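Since we're looking at a predicted model, the values are computed, not measured. So you know, we letter chains A, B, ... as the sequences are listed, proteins then strands, and number each from 1.
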Number of protein chains: 2
Amino acid sequence: MNVHTGNHDTKNCESCQLREPGMFCDLPTTGMEAFQSTKHTSTYPAGTFLYFEREANRGIYVICSGQVKLSVSSSTGKTLILKIAKPGDVLGLSSTLTDTPYEATAEVLQTARVTYLRAEEFRALIVKHPQAYASVIRQLNQQYESACEQLRTLALCNSTTEKLARLLLRWSKQGRQTPEGTQFTVPLTHEQIAECVGATRETVTRTLGDFKRKRLIALHGANMVIPNRRALETVSGS
Amino acid sequence: MNVHTGNHDTKNCESCQLREPGMFCDLPTTGMEAFQSTKHTSTYPAGTFLYFEREANRGIYVICSGQVKLSVSSSTGKTLILKIAKPGDVLGLSSTLTDTPYEATAEVLQTARVTYLRAEEFRALIVKHPQAYASVIRQLNQQYESACEQLRTLALCNSTTEKLARLLLRWSKQGRQTPEGTQFTVPLTHEQIAECVGATRETVTRTLGDFKRKRLIALHGANMVIPNRRALETVSGS
DNA sequence: GCCTGCATGTGACTGTAATCACGGGTACTT
DNA sequence: AAGTACCCGTGATTACAGTCACATGCAGGC
C-alpha cells in the first residue's frame, strides 16, 4: 500500500505524444508546446498506486509504458477489476472533467512511465485549445463502451464458464495470430482474473482447467494460445 | 415489437431546449437556430421502440417527456436494463459520435415526446459550434458514471438483497422527502426490476416481500416509501 | 357477468459456484 | 538449507438463487 510519487522527469515522453489513439494528438503546435511545458512524466514501479478510489481528484495520468490496474472495491473487501490500462490510456479523465473524486483505484502492475497533468492545467488546456475536445470525447467513449461490454459479460452470461470465455476472447483481440492460433499474454493471477468476471479464485482455476482439458486454450506460463476461437465463442454463448 | 416512427412535429419543444442539464443549452443563438431548424420532434406511445441494439446508427434522440427503457439482451433471451431514461437524457450519443451501431435497445415505457437529430446533422452542428462540446462531454460523463455505478452494484454486492437495496436507494435520490420518508414511484414490474439487478422475477418478489415485512419499504401501488434510508443502507452493505 | 392477459405471491426442488480446508509448487530472503 | 510468501490445484460441504409449477389478484374487453 505504498504510494509512490514517482521521479519527476521533464524530458519529453515520445510515446505519450505520438501514441494513437492518444490524448492531445489533436493539439496544434502551440497547444502541444503548452502541454509539454506543464506535464510531468515519472516512472512508477509495480505495486505502487497512482490514486485511490474516492480520493479527491488531482488530475489526469497518461500511460506511456507499462500496465496499470483499475479497480473498485466494496467495504466487504470484494474487488472488481474495471480495466488493465495500457500505453495511450488516460486515467482519471472523467473525474477530472467533473472535478469529483476518483472513481477507481489505479495500481501499477508492470513498471510504468506515466505523464501527469494537474486538473486545473488540464482544464485550462482544453478550454484554450478546443481541438483537444475530440481526444477527450474519444477517450470517454472508449471508457463507456468498455464499461458496457463488462456489464454485458457480468449480467448476461449465465455461468462463470461463459464469462471467462468472453473475457479471454476480448483479451485475445489484442493478441497476434500464429500457426497455433491467437496468442497473447495474461499478466494476471487467477485471483485477479476472478476479480475481472466477479467470481472466486477457485472457480477460475477450475474453469481454466476445464478449458485446457477441452483444448479450448493452451497455457505456457503467462502465455495463452486459443487454437480455435470459434470453439471458445460457442461456450461463451454467442 | 412495432416500430413507431412518430408524428413529426416542427413546433418547438420547450422542455428540450430548456431542460438542465440538457443538450445544446450551451449553444449560442445562431447555433440554437440551426438546431431548431434541423431537429424533428415526435410523440411515441408506450411499447414502441426508438431503436434496437446492433442496428445501424441513425442519430441521437433527446427525451422531452415520458420515460424510455434502455436495455441490452443476450442471445439466450436474458436482458439487462441499463437505464430508465428521463426528460433531458440524450440517447444514442456514444454510437452517433463514433458512427457505430446502437449499443442498446430503446423502448418507450411511458408515452414520450422525443426530439430526433440525424447523425450527420448532429456531427455538423457540434463541429460548427464547439460550445456544444461541453454538453456532449457532460452527457458522456453521466453515462459512464451511471455504468460504473451499475457495475459496482452487479459485481460487488454479494446477494440479491444487497443489489436490490442499492437500486432502491439510487432511485430514491430522485424522490421527494415526506413526513413518512423518501417517496418515489417505480414504474417497473418485478420482472423489469429483476432485469436491472441481474436477478429473476421470483427473487425480486421475495426480496421486496422481505423488505416490506421488515418495514424497510412500504408500497402503495407504484408508489414506494423508504421510511428509514439508514436502515436500507445497512442491508445494502455500505 | 365472464373471460383473457398480465403481474404478483409462494412452495418445492435443483444446481452452480461460494466457502472452507489443505497440499504442492516456485521464488525470493536470510 | 530453512523459512516465508504467493500462486495454483483440488476435494468436501453449503447455500443462495435459479427453475418449475401453480394459485391469487387485478384490469380491460366483450
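- Rounded to whole Å, the distance from CG on B:Leu219 to P on C:dA7 is 16 Å.
- In this structure, CD1 of B:Ile193 is placed 10 Å from P of C:dG9, rounded to the nearest angstrom.
- Using a 3.5 Å distance cut-off with no hydrogens or angles, the side chains of B:Thr100 and B:Ser95 do not pair a donor with an acceptor.
- Look at NE2 on B:His190: it is 11 Å from P on C:dA7, rounded to the nearest Å.
- When the P atom of D:dC8 is taken as reference, atom CG of A:Leu208 falls 9 Å away, rounded to whole Å.
- Summarising the geometry, the separation between CD on A:Glu191 and C1' on D:dC8 is reported as 11 Å, rounded to the nearest angstrom.
- Salt-bridge annotation for B:Lys69 and B:Glu107: present, with a side-chain N of the basic residue lying under 4.0 Å from a carboxylate O of the acidic one.
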Output a table of donor-acceptor pairs, distance under 3.5 Å, between side-chain atoms of residues 228-238 of chain B and any protein atom two or more places apart or on a different chain; print 'none' if there are none.
residue	atom	partner	partner atom	Å
B:Asn228	OD1	B:Arg230	N	3.1
B:Asn228	OD1	B:Ala231	N	3.4
B:Arg229	NH1	B:Ser172	OG	2.3
B:Arg230	NE	B:Glu233	OE1	3.4
B:Thr234	OG1	B:Arg230	O	3.0
B:Ser236	OG	B:Glu233	O	2.8
B:Ser236	OG	B:Ser238	OG	3.4

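- The line from CG of B:Leu151 to CD of A:Glu103 is 10.0 Å long, rounded to the nearest 0.5 Å.
- Atom pair B:Met224:CE and C:dT8:C1' shows a separation of 14 Å (rounding to whole Å applied).
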*In the 5'-to-3' direction, what one-character label does each nucleotide of nucleotides 14-26 of chain C receive under the scheme B = base within less than 4.0 Å of a protein heavy atom, S = sugar-phosphate only, - = no such atom?*
---SSBB------

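- Annotation: B:Tyr144 is not in aromatic contact with A:Tyr144 [ring centroid separation under 6.0 Å not met].
- The residue B:Lys212 sits close only to the backbone: its heavy atoms come under 4.0 Å of sugar-phosphate atoms, none of a base.
- Distance, B:Arg213 CZ to C:dT8 P: 16 Å, rounded to whole Å.
- B:Asn223 pairs by the side chain to side chain donor-acceptor pair (under 3.5 Å) definition with nothing, not counting sequence neighbours.
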